[in-house]
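To keep things clear, I will list the structure first and then write my remarks on it.
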Amino acid sequence: MLRSLGQRRVTGSDEDPRVAELRTAVSRLRRELAAHPVEFPDRAVAEDELAALAAMTADGPPEVPRLRRSLLLIAGAIGSVSALSRGLSQVRYAVELFGEPPRR
């Protein structure tokens, strides 16, 4: 039984594919940001928000408004650092997979 649970977790069959996509994009951008040699004024803001996004993906589907807020903060913090634009685009795409919250 333990083995089958482990296999299911590794293959992601129980996981929301949107969460997996977001986790991958966030992880990639975090690595790119860590490797980026140039300091910029809001780097810590970007790092903090990426850490928050990573934490949100650990508990299943995150709250869409919180995702969007984090994305805006990251985009504003990274600004025009062209070396990070591809990674930021991938995070934006992953956030957009969650769509708009349902209206009541």
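Positions are given from 1, in the same order as the sequence printed here.
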- prompt: Within a radius of less than 6.0 Å around CZ of Arg86, do more than 12 heavy atoms belonging to other residues, nucleotides or ligands occur?
  reply: no
query: How many angstroms lie between atom CG of Leu97 and atom CD of Glu21, to the nearest 0.5 angstrom?
result: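 Interatomic distance, Leu97 CG to Glu21 CD, rounded to 0.5 Å: 6.0 Å.
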Heavy-atom donor-acceptor pair, [X] side chain to [Y] backbone, under 3.5 Å:
X: Thr57; Y: Ala54; answer: yes
X: Arg43; Y: Val38; answer: yes
X: Ser27; Y: Arg23; answer: no
X: Arg28; Y: Val91; answer: no

task: Apply salt bridge (charged side-chain N to carboxylate O under 4.0 Å, His left out) to Arg92 and list each qualifying residue two or more places apart in sequence or on a separate chain.
output: Glu96
query: Quick one: salt bridge (charged side-chain N to carboxylate O under 4.0 Å, His left out) partners of Arg30, sequence neighbours excluded?
result: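 Residues passing salt bridge (charged side-chain N to carboxylate O under 4.0 Å, His left out) with Arg30: none at all.
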message: If you define the side chain from C-beta out and look only at heavy atoms, does anything of Glu47 sit under 4.5 Å from Leu33?
response: yes
field: Note, Leu88 side chain near Leu71 side chain (heavy atom, < 4.5 Å)
entry: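 Yes; the side chains approach each other to less than 4.5 Å.
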Kindly give the heavy-atom pair with the smallest separation between [X] and [Y], and that separation in Å.
X: Asp42; Y: Gly76; result: OD2-O, 4.5 Å
X: Ile78; Y: Phe40; result: CA-CE1, 4.2 Å
X: Pro62; Y: Leu22; result: CG-CD2, 4.2 Å
X: His36; Y: Val81; result: NE2-CG1, 3.5 Å
X: Gly87; Y: Glu32; result: CA-OE1, 3.6 Å

query: Any link between Val64 and Val95 through a network of hydrophobic side chains (Ile, Leu, Val, Met, Phe, Trp, Tyr) touching at under 4.5 Å?
result: yes
task: Please check if Ile74 and Val45 belong to a single hydrophobic cluster, counting links between Ile, Leu, Val, Met, Phe, Trp and Tyr side chain heavy atoms closer than 4.5 Å.
output: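 As far as the 4.5 Å side-chain criterion goes, Val45 and Ile74 are not connected within one cluster.
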field: From CA spacing to verdict: side-chain contact (heavy atoms from CB on, under 4.5 Å), Arg68, Phe98
entry: CA-CA 10 Å; Arg68 293 188 183 284; Phe98 289 88; over 6 Å; no
task: Take Met56 and Glu63 through the side-chain contact (heavy atoms from CB on, under 4.5 Å) test and state the conclusion after the steps.
output: CA-CA 8 Å; Met56 282 187 252; Glu63 296 176 27; over 6 Å; no
